[in-house]
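In what follows, a structure is listed as structure tokens, so that the remarks can point back to it.
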2 protein chains.
Amino acid sequence: MTREERRRRTEAAILLAAQEQFAEQGFERTTIRSVAGQAGVDPALVMQYFGSKEQLFGASARWTVDHKMLGSATREELPATALADMFEGFEDDVQRREAALALLRNCLTHPSAAGVMRDDVMCEAQAAVAGTIGGDDAELRAGVLGACMIGVTIARYLLEIPALTGATREDLERVLLPALRQVVDPG
Amino acid sequence: MTREERRRRTEAAILLAAQEQFAEQGFERTTIRSVAGQAGVDPALVMQYFGSKEQLFGASARWTVDHKMLGSATREELPATALADMFEGFEDDVQRREAALALLRNCLTHPSAAGVMRDDVMCEAQAAVAGTIGGDDAELRAGVLGACMIGVTIARYLLEIPALTGATREDLERVLLPALRQVVDPG
DNA sequence: GTCTATATCTTGATAGAC
DNA sequence: GTCTATCAAGATATAGAC
């Protein structure tokens, strides 16, 4: 293993540890020391690789909205597409889940996380679907769609409300999709 | 003004300042010093009255769910009742709004706030309406109803998504109520 | 009773030894 | 290049003067 490989491996270990702690305990309660401890490296190394706690958080907390999938969905497909996007983001890939959780966990208390959540996640997703919803209320309906999805996501993965955590994907589809259809298509 | 009155007034001023800062900046970013400064008192006085920052937070962050109103609503009335509860809690009374915001702002990052939010708000509200929803999915439907309401509340009052903050009460009723009716009554 | 002063702790960040 | 040792800042909480 070359030195460059070792360096990349160490950096990846630090990043994963940081994502887990930011996702679980939030920004303020995770310390450089605790991240270094979990990653098995020296705290000074974390600073050397990432510069500051803020930059480490920026590299850790990410949310990827699938614009292509959302943008190409028809109005009838929108609810199912939005729900599928949630499942893909939070249950399929570990890396993506931890990064998204790290952002969502801190979006109410960390200034930059709040900005990313509002501008790069919510408003972007809203813009991607408002056109296919159409009508006078398009923006509002797109916003409500996103708000409901965020609420379900928070209740299920962060607050861990038993009724939500205990629901299967089919349960959620059965209960949620008809409601979301009413949001995107009042007719 | 008697000494007891003065004491109560001072305590109320401290509590209001604490609620505003907990609601706006979150638990970690508000300090005893800043609360005392805004209230115009000495930091030591805050400690003397409330014991600790944790207890001050406990007294500041409160959420009152109107069980009576929710519990006595028919299934048809449930969506409108839930929405009315949100507006009453967040737009009518200043004290109640700041207390609720203080809890909501911190419910993802502060352990005790998370517990109160899950157990005393979400699960309580869920239990209050599950009976009137009925059917096999009653608990899940009640949970989804609460999750959507929380999502809209967060998007509107905390994340301040333009499409949500710009909506009037009538806008939200028009867009949201038909969807919530689908949640509580799939028939 | 109120507040000044401070103890004690923890944090992010840095400098220099090896 | 990695880590030991430490700095400087800021927090809660307390003890004692007035």
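Side-chain atoms are counted along with the backbone in the values below, which use heavy atoms only and exclude waters and symmetry mates. Chain naming here is simple, since letters A, B, ... match the order of the sequence lines and numbering starts at 1 in each.
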Any salt bridge linking A/R169 with A/E173? Criterion: basic side-chain nitrogen under 4.0 Å from a carboxylate oxygen. yes
Round to the nearest Å and state the distance from B/Q48 atom CD to C/dG1 atom P. 10 Å
Take B/I154 and B/I150, measure what side-chain contact (heavy atoms from CB on, under 4.5 Å) needs, and give me the verdict at the end. CA-CA 6 Å; B/I154 287 176; B/I150 284 296; 3.7 Å; yes
Measure CZ/A/R29 against P/C/dG12 and give the value in whole Å, please. 13 Å
Distance-only donor-acceptor check, side chains B/H110 and B/E54, under 3.5 Å: yes
Of the options D/dT4, D/dA13, C/dG12, whose atoms approach the side-chain atoms of A/I32 most closely? C/dG12
To the nearest 10°, let me know how far the axis at one end of the helix from C/dG1-D/dC18 to C/dC18-D/dG1 is tilted from the axis at the other, five pairs an end. 10°
Within this structure, what is the CZ-to-C1' distance between A/R9 and D/dT2, rounded to whole angstrom? 19 Å
note: A/F57, atom CZ; C/dG12, atom C1'; distance rounded to Å ~ 16 Å
Write down the distance between CG (B/D42) and C1' (C/dG1), rounded to a whole number of angstrom. 12 Å
Scan A/T30 against the nucleic acid and name what it touches under 4.0 Å (heavy atoms): base, sugar-phosphate only, or nothing. sugar-phosphate
Kindly confirm or rule out a cation-pi arrangement of B/K53 over B/F22, judged by NZ or CZ under 6.0 Å from the six-membered ring centre and within 45° of its axis? no
If you compare every side-chain N and O of B/Y49 against the phosphate oxygens of C/dG1 (OP1, OP2), does one of them come in below 4.0 Å? no
Atom NZ of B/K53 and atom P of D/dA13 are separated, to the nearest Å, by 8 Å
Does a side chain donor of either A/Q21 or A/S34 reach within less than 3.5 Å of an acceptor in the other side chain? yes
Figure out the CE/C1' separation between A/M47 and C/dT14, and round it to whole Å. 9 Å
Taking D/dA11, C/dC3, D/dT2 as options, the one with an atom nearest any side-chain atom of B/L45 is C/dC3
Answer yes when A/E170 and A/R174 have at least one side-chain N-carboxylate O distance shorter than 4.0 Å, and no when they do not. no
Quick one: side chains of residues 96-105 of chain B, donor-acceptor pairs under 3.5 Å with protein atoms, not counting sequence neighbours, listed by atom name and distance.
unit_1 : atom_1 : unit_2 : atom_2 : d
B/R96  : NE     : B/T64  : OG1    : 2.9
B/R96  : NH2    : B/T64  : O      : 2.9
B/R105 : NE     : B/A23  : O      : 2.7
B/R105 : NH1    : A/L108 : O      : 3.0

Rounded to the nearest Å, what distance is computed from the CZ atom of residue A/R33 to the C1' atom of nucleotide C/dA13? 9 Å
Hey, which of these two, A/A44 or B/P43, hits DNA chain C nearer its 5' end, going by closest nucleotide? B/P43
